[in-house]
Asker: 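Shown below is the structure under consideration.
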Amino acid sequence: GIRDKALIPVTGQIAQHIKEFTDENQLLINNNEAIAKQLDSVFKAIPELYTLVGKQQNEWHHFDLFTHTLRVVQEVIKNDRFQTLKDSDKILLLTAAFMHDISKEEYIVDKRHSLTGAFDAHAIAGRFNFSESEKSKLFAVIRNHEWLKYYNKEGISELQKIERAK
């Protein structure tokens, strides 16, 4: 809970503003009501995702951060191994996919975003029913998502994989 009693009214006001913001910002996805409703529920659970909409990445990426995030989520769901996971692990992996770039800076190669994003995601996950173990797993997946990208690259040596992941 909040220790400083003076902050209690302020946090209530902030919570009300967040609720109003998410209620007033419904998504329209090519007239596909089912997808729009699903994404609206994600945004209501994680309103921080609004910061990704329209946020440009560096010159190596063709999509804004939100489009990139949706593509990552799509790829996760399409992966055959995803279908074999327990439901709790699916939820955790999808949460990580949605939040993997939550703290990424615009226009630059942000080498710190995996660490800052992991901390932010861990804090955000406090609003959910995640156990400490699940929050730690979420932190680890997001913290290491850049390393996994380099590690999975073909045609480079193990030493190069480790060096590129730093």
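Position 1 is the first residue of the sequence; numbering continues from there.
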Asker: Side-chain heavy atoms under 4.5 angstrom apart, residues restricted to Ile, Leu, Val, Met, Phe, Trp, Tyr: same cluster for Met99 and Leu115?
Answerer: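 No, because Met99 and Leu115 fall into different hydrophobic clusters, even though each may have its own neighbours under 4.5 Å.
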Asker: Which pair of non-hydrogen atoms, one from Lys135 and one from Ala125, has the smallest distance, and what is that distance?
Answerer: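 Nearest pair, atom of Lys135 first, then Ala125: CG-CB, 3.8 Å.
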Asker: Is there a side-chain contact (heavy atoms from CB on, under 4.5 Å) between Gln57 and Asp64 once you walk through the steps?
Answerer: CA-CA 6 Å; Gln57 300 192 75; Asp64 73 346; over 6 Å; no
Asker: Would a distance-only check, ignoring hydrogens and angles, find a side-chain to backbone donor-acceptor pair under 3.5 Å from Gln56 to Gly54?
Answerer: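 Side chain of Gln56 to backbone of Gly54: a pair is present.
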Asker: Mind running side-chain contact (heavy atoms from CB on, under 4.5 Å) on Thr69 and Phe98 for me, showing each step along the way?
Answerer: CA-CA 6 Å; Thr69 297; Phe98 271 111; 4.2 Å; yes
Asker: Would you check if the side chain of Asp101 reaches a backbone N or O of Lys104 as a donor-acceptor pair within less than 3.5 Å?
Answerer: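 Flag not set: sc Asp101 to bb Lys104 has no pair under 3.5 Å.
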Asker: Side-chain heavy atoms under 4.5 angstrom apart, residues restricted to Ile, Leu, Val, Met, Phe, Trp, Tyr: same cluster for Ile46 and Leu70?
Answerer: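 Looking at the clustering, Leu70 is in the same group as Ile46.
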Asker: Taking only residues two or more places apart in sequence, or in another chain, which ones meet Glu75 in a side chain to side chain donor-acceptor pair (under 3.5 Å)?
Answerer: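 Applying side chain to side chain donor-acceptor pair (under 3.5 Å) to Glu75 gives Lys78.
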Asker: Given Ser114, which partner from the list Arg143, His100, His145 fulfils the side-chain hydrogen bond (donor to acceptor under 3.5 Å, both in side chains) test?
Answerer: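 Result: among Arg143, His100, His145, Arg143 is the only option passing the side-chain hydrogen bond (donor to acceptor under 3.5 Å, both in side chains) with Ser114.
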Asker: Any salt bridge (charged side-chain N to carboxylate O under 4.0 Å, His left out) pairs touching residues 116-130, not counting sequence neighbours?
Answerer: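 Counting only pairs at least two positions apart or across chains, the salt bridge (charged side-chain N to carboxylate O under 4.0 Å, His left out) contacts touching residues 116-130 are Glu48-Arg127.
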Asker: Just how far is it from atom OG of Ser103 to atom CD1 of Ile142, taken to the nearest 0.5 Å?
Answerer: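 So the OG of Ser103 and the CD1 of Ile142 are separated by 9.0 Å.
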Asker: I'd like to know whether the aromatic ring centres of Phe139 and Phe130 sit less than 6.0 Å apart in this structure.
Answerer: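 That pair fails the under 6.0 Å test.
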Asker: Are any side-chain N or O atoms of Asn144 and backbone N or O atoms of Ala140, one a donor and one an acceptor, separated by less than 3.5 Å?
Answerer: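 Yes; judged by distance alone, with no hydrogens or angles, the pair exists.
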Asker: In Å and rounded to the nearest 0.5 Å, what is the CG to CG distance from Leu92 to Leu85?
Answerer: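 Here the interatomic distance stands at 10.0 Å.
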Asker: Compare every heavy atom of Leu138 with every heavy atom of Ala121, then report the nearest pair and how far apart it is.
Answerer: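 Shortest heavy-atom separation between Ala121 and Leu138 comes out as O-CD2, 3.8 Å.
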Asker: Determine the sole option in Leu65, Ile102, Ile124 for which the side chain to side chain contact (heavy atoms under 4.5 Å, CB included) test with Leu49 is passed.
Answerer: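 Of Leu65, Ile102, Ile124, side chain to side chain contact (heavy atoms under 4.5 Å, CB included) with Leu49 is met by Ile102 alone.
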Asker: If you count the non-hydrogen atoms of other residues, nucleotides and ligands that lie under 6.0 Å from CZ in Phe119, is the total more than 12?
Answerer: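 Check fails, neighbour count at 12 or below.
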Asker: Just checking, Lys90 and Phe82: is the charged tip under 6.0 Å from the six-membered ring centre and within 45° of the axis?
Answerer: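 Checked: cation-pi criterion met.
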Asker: Charged N to carboxylate O under 4.0 angstrom, Lys137 versus Glu134?
Answerer: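 Result for this pair is no, no salt bridge flagged.
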Asker: Could you tell me whether a side-chain N or O of Glu105 sits under 3.5 Å from a main-chain N or O of Lys111, the two making a donor and an acceptor?
Answerer: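 No, Glu105 side chain to Lys111 backbone: no donor-acceptor pair under 3.5 Å.
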